[in-house]
Amino acid sequence: MTAMFPADPPTILNTTDNRDFPVARVFCVGRNYAAHAREMGKDPERDPPFYFTKWSETVRNSAPSDALEIAYPPATENFHHEAELVVAIGMPGFCIAQTDALNHVCGYAVGLDMTRRDLQLEAREKGRPWDTGKNVADSCPTGRLQLVEGGAHVSTGQIQLSVNGETRQDADVSDLIWSVPEIIADLSRYYALRRGDLIYTGTPAGVGPVSPGDEISCTIAGLPDLKVRIGARAGNS
Ligand code: MN
């Protein structure tokens with residue numbers, strides 16, 4: 001059999017030991033920090049976590065260059081930053097027990113869940129899917145993947161995001177409403193998790209718009225930094 005056309009190569013995340021992590025799928029957790037849920041006009045009581053997905057190709061790898069640039073996407077006037085802890089799945093599993101969940105995690109990274117907020121809020125208001133707001137080309141710039149060595153999992157540590165040097169988001173990963181083991185246990189009830197899956201665990205308060213030319217710096221204590229420059233509007237000169 002002959003392929004009708006060549007398949008696209010997988011999206012790769014570089015690891016801190018200079019290996020390639022082929023990205024399988026991207027899962028994102030909605031409203032997982034109480035202060036962010038409130039700023040989005042929602043009650044942060046512990047409702048069950050909820051998820052949305054993005055194509056793996058939305059992930060952009062920051063390594064080896066520090067000068068990762070993403071285009072300002074089309075069809076939005078309100079493109080928002082969301083700084084997030086990213087969890088990488090290294091072992092497949094279905095209906096994973098919370099107590100076993102971290103055995104399925106092979107690494108952590110700093111990532112962004114960039115969002116066409118105007119489209120997301122319009123969809124939310126109308127009870128429609130969030131795809132056009134969230135599943136946006138190049139919307140998941142992600143830093144290098146730090147592999148778990150000797151059981152060094154990330155459950156605490158300052159998470160910060162600045163735009164042009166001004167701090168916009170500043171919280172601690174320990175403020176997550178649903179912890180990483182809880183997310184993995186719950187998400188794996190709906191989907192058999194695969195090696196290569198990435199989970200963006202939600203963003204703290206302080207989300208806001210960016211403009212072409214802006215420089216985003218995103219850090220989580222103990223993980224490689226992520227720096228992103230917002231380029232020109234896609235399709236415009
Ligand atoms: Mn998010």
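All ligand and atom numbering here is 1-based and tracks the order in the structure. Starting from 1, each residue takes its place in the sequence as its number.
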Out of the candidates Glu122, Glu82, Glu39, only one should pair with Arg117 under the salt bridge (charged side-chain N to carboxylate O under 4.0 Å, His left out) rule; please name it. Glu82

Is the shortest distance from a Lys or Arg side-chain nitrogen in Arg229 or Asp214 to a carboxylate oxygen in the other one below 4.0 Å? no

Do the side chains of Leu193 and Leu187 get nearer than 4.5 Å, heavy atoms only? yes

For [X], what is the atom name of its N, O or S atom nearest to the Mn ion (ligand 1)?
X: Glu84; answer: OE2
X: Asp113; answer: OD2
X: Glu82; answer: OE1

Start with the C-alpha distance between Phe27 and Tyr51, add both sets of side-chain angles, then the distance that settles ring-ring contact (aromatic ring centres under 6.0 Å, His included), and finish with yes or no. CA-CA 7 Å; Phe27 297 96; Tyr51 311 98; 7.5 Å; no

